[in-house]
Amino acid sequence: MIFNRINPLQRLVGRLFLFFWLTLTLAAVIALFVGRAAQPEPEFGSPTEEEIAQLNVLAVRLTERPLRPVPLQDRIDVLSRETQISIWLFDVEKNRVITPPGPARRSAKVEEIRRLSGQLTPISYTTARHRLIGPLTLTHRQRTLKLFVSKPTLGQRIRPFFWLIPLVLFISMGVSYIFARSLARPIELLRAGTKTLARGNWSARVDVGTRRDEIAELASDFNQMAEQLARLWSSQQRLLADISHELRSPLTRLQMALGLIQQQKMDHPAVSRIEKEVQRMELLISQLLMLTKTETHSASKQTLILSSILSPVFSDAEFEAAAQGKRCNFSAVPEIWVTVNLELIQRAVENVLRNAIKYCHSTISVLVECTESSWSVSISDDGPGLVPAECEQIFAPFYRVSTSRERSSGGTGLGLAIAKTAVELHHGTIQATTHQPNGLKVTIAVPLEG
Amino acid sequence: MTPRQSSGNGSNKHFSRHYSILIVDDDEELTEMLHSYLEAENFVITVANESVAGLALATSNANFDLILLDVMMPYLTGFEFLKQLRLSNTIPVIMLTARGDDYDRILGLELGADDYLPKPFNHRELLARINAIFRRQEIAVTPIKSQEIQVNGVILHSGRQTVECNEQLVTLTSTEFSILHVLMENAGELITKELISEKVLGRKLMAYDRSIDMHVSNLRKKLAACDNSDKIKTVRGAGYLLRTHS
């Protein structure tokens with residue numbers, strides 16, 4: 001859990017940062033290695049006078065007869081330390097290289113010495129790291145020895161590698177972070193803007209400052225899109241308002257004309273039929289408006305005690321059920337505080353309740369429960385119920401279940417769609433299940449925070 | 001044209017006089033029909049198809065008994081009309097709101113409308129609401145009923161149609177006055193919303209109808225402006241009662 005949260009790969013800025021940093025560091029390291037590998041080819045040349053003289057002096061020192069016999073290796077060790085020169089001897093008969101003290105016993109150098117020992121006169125052999133001078137042939141106790149000296153190549157003895165690593169790491173870290181941030185920051189802004197827009201706030205715009213790159217173009221496209229959405233939105237709203245107003249006016253006039261007819265005692269069965277149809281149309285229009293309004297609601301929520309939300313709805317339902325000779329059983333409402341849009345959540349519960357009252361045989365039962373994070377209302381009726389396949393579809397607008405639940409029941413087919421929209425606006429769920437032994441159970445579950 | 005017969009239901013026949021109604025609505029075809037319909041019910045009708053002119057009429061000395069006010073009108077909406085009217089006048093107002101728009105209805109009642117009727121409305125419904133308001137006025141002007149009730153610092157003169165709270169005059173709409181009257185006559189007792197609806201609005205309380213709550217809430221606000229103690233207690237899911245002492 002915690003690792004996931006701090007894992008930089010989870011975030012774009014972290015990924016960009018790590019990617020750039022690794023790339024830069026890797027590039028730096030490779031460059032260093034390549035730099036070292038691409039050193040100049042070894043070069044043969046003639047040693048300087050000075051070097052020849054040095055060789056001769058060393059040869060004399062080595063062949064001096066000591067006061068008592070000392071092994072050759074010891075003498076080299078002593079002399080190397082004394083003169084600070086790395087002295088190498090090749091014993092021709094034994095085909096063996098006697099090396100100076102210290103860590104420099106590299107096989108590569110031994111090989112070089114073996115190769116060069118065939119030379120008759122001293123030459124110089126220069127690699128990137130050292131300069132080998134020799135051989136000078138000398139005889140010591142009847143052994144033919146070839147003398148070499150080696151010294152570091154001047155100006156090439158810098159070893160930049162180790163102290164450069166932290167520096168490269170540090171600089172590349174800073175550069176990568178700035179770069180990654182500069183890419184990710186406007187994306188975060190865009191994301192925030194998109195989120196605001198998705199919540200239905202059409203005034204959301206993104207400002208990425210003075211940038212002129214693709215992200216800035218994306219931001220300006222986003223702003224254009226938001227503009228367009230806002231325009232479409234307001235024109236849709238206006239259209240809805242206009243339609244509702246325009247449809248209501250002729251319906252009102254129709255009602256009034258009916259009134260005039262009925263006032264004059266011109267009662268014909270067709271007149272009451274017209275009245276019934278007008279009422280049906282009226283209901284349909286108002287429900288349709290309610291649905292679109294709920295869908296477009298940018299709900300302002302408030303924190304209320306649950307019973308204050310549900311009690312009025314329950315008492316109304318009881319009233320309505322009693323009028324139809326039906327009964328409602330309500331469970332106790334837990335004393336909890338919830339955040340909801342009062343009007344919408346009441347309408348959702350109300351619509352489900354009315355539906356249950358309409359289709360129940362004699363009784364509906366309502367159970368209110370709460371968990372740590374959510375609360376729920378389950379409304380069960382003892383009516384004909386549904387086949388499981390239909391349980392999902394009844395929340396679609398204008399969905400007609402079966403012949404048994406036909407229009408004659410007086411519904412518009414929008415009540416449950418309105419309930420679903422309202423519940424979803426609270427990030428809640430609404431589900432219908434078949435209830436044993438018969439009947440339908442609809443459960444509305446809403447998070448406490450709405 | 002044959003003389004129009006008065007309505008058979010005769011609900012307004014026993015009214016003491018011909019009440020006058022001002023209709024403010026920009027729908028001319030509708031107001032024409034409303035005119036004929038309500039005239040046939042023995043009301044005196046004046047029509048204003050333009051809200052500014054309507055407001056001038058309403059605040060003139062014409063003395064209307066009731067205003068039927070449409071919400072959606074150009075220039076001056078029904079809400080603004082009502083707001084300005086209520087500055088000087090407590091004449092009963094029935095708002096003709098857009099059906100399904102709870103916000104309109106609540107705002108209308110909050111601004112002091114006595115009742116509302118969602119458009120499109122049934123003509124019987126309209127008549128019932130108009131009659132309810134006039135019936136209330138009949139009761140209020142009946143001299144025998146004229147009396148003074150005093151409960152918990154509130155004095156109600158049913159004859160003068162005035163209410164005093166904490167020695168300050170409280171301006172109430174006729175619906176608010178009637179609700180307070182019912183509560184004060186039965187002070188300390190629980191009055192159900194059903195009873196209030198039947199007695200004051202003259203109709204049965206419908207499920208999901210919150211207009212009584214709105215009127216009581218307005219009444220509460222107006223009383224609270226003169227006296228901080230909450231005089232009306234809400235009994236959740238049942239009704240209201242007027243406290244006999246604070």
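Convention: sequence-line order gives letters A, B, ...; per-chain numbering from 1.
- Residues of residues 252-259 of chain A placed with any heavy atom under 4.5 Å of a heavy atom in chain B are listed by number as A:Thr252, A:Arg253, A:Gln255, A:Met256, A:Ala257, A:Leu258, A:Gly259.
- Between A:Gln263 and B:His123 there is no side-chain heavy-atom pair separated by less than 4.5 Å.
- For A:Glu282 and B:Lys119, the salt-bridge test fails: no basic side-chain N is under 4.0 Å from an acidic carboxylate O.
- With contacts defined as side-chain heavy-atom distances shorter than 4.5 Å, the pair B:Leu30/A:Ser249 does not qualify.
- Note that OH of B:Tyr37 and CD of A:Gln264 are 11.0 Å apart. Values are rounded to the nearest 0.5 Å.
- In terms of the side-chain contact (heavy atoms from CB on, under 4.5 Å) criterion, residue partners of B:Leu22 (sequence neighbours excluded) are, by chain and number, B:Val24, B:Thr46, B:Ala48, B:Leu57, B:Ala58, B:Phe64, B:Ile67.
- Annotation for A:Arg327: atom CZ does not count as buried by contact number, only 12 or fewer foreign heavy atoms lying within 6.0 Å.
- In this structure A:Ile261 satisfies the side-chain contact (heavy atoms from CB on, under 4.5 Å) test together with A:Met266, A:Val271, sequence neighbours excluded.
- The neighbour count for A:Gln324 CD, taken as heavy atoms of other residues, nucleotides or ligands under 6.0 Å away, is above 12.
- The neighbour count for B:Lys221 NZ, taken as heavy atoms of other residues, nucleotides or ligands under 6.0 Å away, is above 12.
- With values rounded to the nearest 0.5 angstrom, A:Phe319 atom CZ is found 10.5 Å from B:Lys193 atom NZ.
- For chain A, no part of B:Glu32 is nearby; none of its heavy atoms comes within less than 4.5 Å.
- Within a 6.0 Å sphere centred on NZ of A:Lys326, other residues, nucleotides and ligands contribute more than 12 heavy atoms.
- For A:Glu318, no part lies under 4.5 angstrom from a heavy atom of chain B.
- For the side-chain contact (heavy atoms from CB on, under 4.5 Å) test, residues two or more places apart in sequence or in another chain that qualify with B:Glu189 are B:Asn186.
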